[in-house]
2 protein chains.
Amino acid sequence: MSEKLPFRRVSLGYQVNHLARVFEAALRTQIAPFGVAPGQFPALLCLFEEDGLTQAEMCSRVQIAQPTMAHTLRRMERDGLVTRTPVPEDGRSSRTWLTDHAREIEDDLVRIGRGINASAVTGLSEAEVEALLTSISVMIDNLTPPEGAR
Amino acid sequence: MSEKLPFRRVSLGYQVNHLARVFEAALRTQIAPFGVAPGQFPALLCLFEEDGLTQAEMCSRVQIAQPTMAHTLRRMERDGLVTRTPVPEDGRSSRTWLTDHAREIEDDLVRIGRGINASAVTGLSEAEVEALLTSISVMIDNLTPPEGAR
DNA sequence: CCCATGAACATTGCTTGCTATGTAGTGTAG
DNA sequence: CTACACTACATAGCAAGCAATGTTCATGGG
């Protein structure tokens, strides 16, 4: 008979992938009315914390590859969420600024983010959520290649 | 001064997204030598468990939208991992079968998957990993829309 | 039998992620 | 000052996810 073990169903990597997709789906439906897409969300949160960053700074804060950030920023510019100004001291880089419209929807977006996080952990205790965040952080460290190899 | 709270850095959704990406990156580099891409991995594991499924069956087992599965299966066919045969009783559907080549690399792929999962949880106790999987499962349930709304 | 409904899969078009590569500006060694 | 290396960003090309839509086949009601 040789039944196959259901490796996939208990594979941590698969479960994490699945979870990330349901998170993204929830975010997508809730922020769509504001004209914001899931991939723009981390970049926006980053700019809410601090405005006028260069692309390289945003990449390192959001942990996204540079071409991805370039693409995302262009769409955000297209969608009226950010503008970019050249840096006088360095002709290569430019700073990204939130538009008034982005500032207007900031509170709503942050509220939505918090709401999704909250509904995700419904039924888990404070301690369990704490342990979860710790475990995630440990796993990210474990799987992130050392500085040299990137 | 009005310092912004670093919401992003502690946002569960963002951390999960980040974790999923480092998982995917690790998988990508390790399975690339076998000519397999990350998105094909869940589909392959699914077929390792049971061969000859229809596309719809694979969608529901892997929890992937149907157009995504269609696209992935076409690439897997192109890459010599699967073949498809029509279902005589139903002219609409076809069954997907692993090629000999896919069977040959099965053990290596499963080993790689287990290895990545193991290295991810390095430093966590058995109990912590158990709690983690439980929490992930709870969150997926919490965030998955009810049957009707899909 | 015929038609309507629904199911299975394909297609289109978008976003978001990646790697690899190109281009232009900075800065430094000689 | 010039050449070289490095940095910042852009571009190309691909994979993989989604929603929306089209097409073909199956099936049940009348």
Side-chain angles (χ1 to χ4, degrees), chain A residues 14 17-29 31-32 35-44 53-60 62-79 81 84-96 145 149-150, chain B residues 14 17-32 35-44 53-60 62-79 81 84-96 144-145 149-150:
Chain A
Y14 171 73
N17 174 272
H18 186 186
L19 177 59
R21 285 185 290 115
V22 296
F23 256 109
E24 183 177 335
L27 188 63
R28 181 194 315 279
T29 60
I31 65 180
V36 178
Q40 304 173 344
F41 202 73
L44 273 179
L53 300 173
T54 66
Q55 191 181 107
E57 285 166 339
M58 294 187 66
C59 287
S60 92
V62 182
Q63 284 298 298
I64 282 272
Q66 176 265 322
T68 302
M69 184 59 76
H71 211 177
T72 298
L73 287 178
R74 192 164 49 196
R75 279 188 295 260
M76 291 172 71
E77 208 168 9
R78 177 200 66 189
D79 298 347
L81 292 169
R84 283 185 276 187
T85 59
V87 173
E89 315 86 68
D90 190 334
R92 294 167 300 179
S93 53
S94 60
R95 303 194 177 281
T96 299
R150 271 182 292 170
Chain B
Y14 170 74
N17 173 273
H18 187 185
L19 177 59
R21 286 185 290 115
V22 296
F23 256 109
E24 183 176 336
L27 188 63
R28 182 194 313 278
T29 60
Q30 293 197 37
I31 65 181
V36 178
Q40 304 174 346
F41 202 73
L44 273 179
L53 301 173
T54 66
Q55 191 181 107
E57 284 166 339
M58 294 187 65
C59 287
S60 92
V62 181
Q63 285 297 298
I64 282 277
Q66 177 265 322
T68 302
M69 184 59 76
H71 210 180
T72 298
L73 286 178
R74 192 163 50 195
R75 279 189 293 261
M76 291 172 71
E77 208 168 9
R78 177 201 64 188
D79 298 347
L81 292 169
R84 282 185 277 186
T85 60
V87 173
E89 315 87 66
D90 190 332
R92 295 168 298 179
S93 54
S94 60
R95 302 193 176 283
T96 299
T144 301
R150 272 182 294 169

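Since we're looking at a predicted model, the values are computed, not measured.
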For this session: Using atom CG of B:Leu81 as one end and atom P of D:dA15 as the other, report the distance to the nearest whole Å.
Result: 13 Å
Seminar exercise, completed: Atom CZ of A:Arg74 and atom C1' of D:dA10 are separated, to the nearest Å, by 8 Å
Exercise. Should A:Thr96 and A:Met76 count as side-chain neighbours, where that means a heavy-atom distance under 4.5 Å?
Worked result: no
For this session: Tell me what A:Arg75 touches on the nucleic acid: a base, only sugar-phosphate, or nothing, going by heavy atoms under 4.0 Å.
Result: base
Exercise. B:Gln63 has an atom CD; how far is it from atom C1' of D:dG17, in whole Å?
Worked result: 14 Å
Quick one: which protein N/O atoms are closer than 3.5 Å to N/O atoms of nucleotides 19-26 of chain C? Pair and distance per line, please.
unit_1	atom_1	unit_2	atom_2	d
C:dG25	O3'	A:Gly91	N	3.4
C:dG25	N2	A:Arg92	NH1	3.0
C:dT26	OP1	A:Gly91	N	2.9

Exercise. Under 4.5 Å between any side-chain heavy atoms of B:Arg74 and B:Arg78, yes or no?
Worked result: no
Exercise. Starting at CE of A:Met58 and ending at P of D:dA8, how long is that distance when rounded to a whole Å?
Worked result: 15 Å
Exercise. Would you say the side-chain atoms of B:Arg21 pair up with the backbone N or O of A:Gln63, donor to acceptor, closer than 3.5 Å?
Worked result: yes
For this session: Output the distance between atom CD (A:Gln40) and atom CZ (A:Arg75), rounded to the nearest 0.5 Å.
Result: 7.0 Å
Exercise. Once you round it to whole Å, what is the distance between P of C:dG13 and NE2 of B:His71?
Worked result: 13 Å
For this session: Can you figure out which of C:dG17, D:dA10, D:dA15 approaches the side chain of B:Arg21 most closely?
Result: C:dG17
For this session: State the OG1-CD distance between B:Thr72 and B:Gln55, to the nearest 0.5 angstrom.
Result: 9.5 Å
Exercise. Within less than 4.0 Å of OP1 or OP2 of D:dT7, is there a side-chain N or O belonging to A:Gln55?
Worked result: no
Seminar exercise, completed: Walking DNA chain D from its 5' end, the first of A:Glu57 and B:Gln40 to be reached, judged by nearest nucleotide, is A:Glu57
Exercise. Rounded to the nearest 0.5 Å, how far apart are CE of B:Met69 and CD of B:Glu57?
Worked result: 11.0 Å
Problem set entry | Between C1' of C:dG17 and CG of A:Asn17, the distance in whole Å | 12 Å
Exercise. In whole angstrom, what separates A:Leu27's CG from C:dT15's C1'?
Worked result: 13 Å
Exercise. Which nucleotide in the list C:dC9, C:dT15, C:dG17 gets nearest to the side chain of A:Ala37?
Worked result: C:dT15
Exercise. Can a side chain N or O of B:Arg84 be found less than 4.0 Å away from OP1 or OP2 on C:dA10?
Worked result: yes
Seminar exercise, completed: d(A:Ile64 CD1, B:His18 NE2) to nearest 0.5 Å is 8.5 Å
Seminar exercise, completed: To the nearest angstrom, the CG-P distance between A:Asp79 and C:dT15 comes to 8 Å
Exercise. At under 4.0 Å between heavy atoms, what does A:Arg78 touch on the DNA or RNA strands: base, sugar-phosphate, or nothing?
Worked result: sugar-phosphate
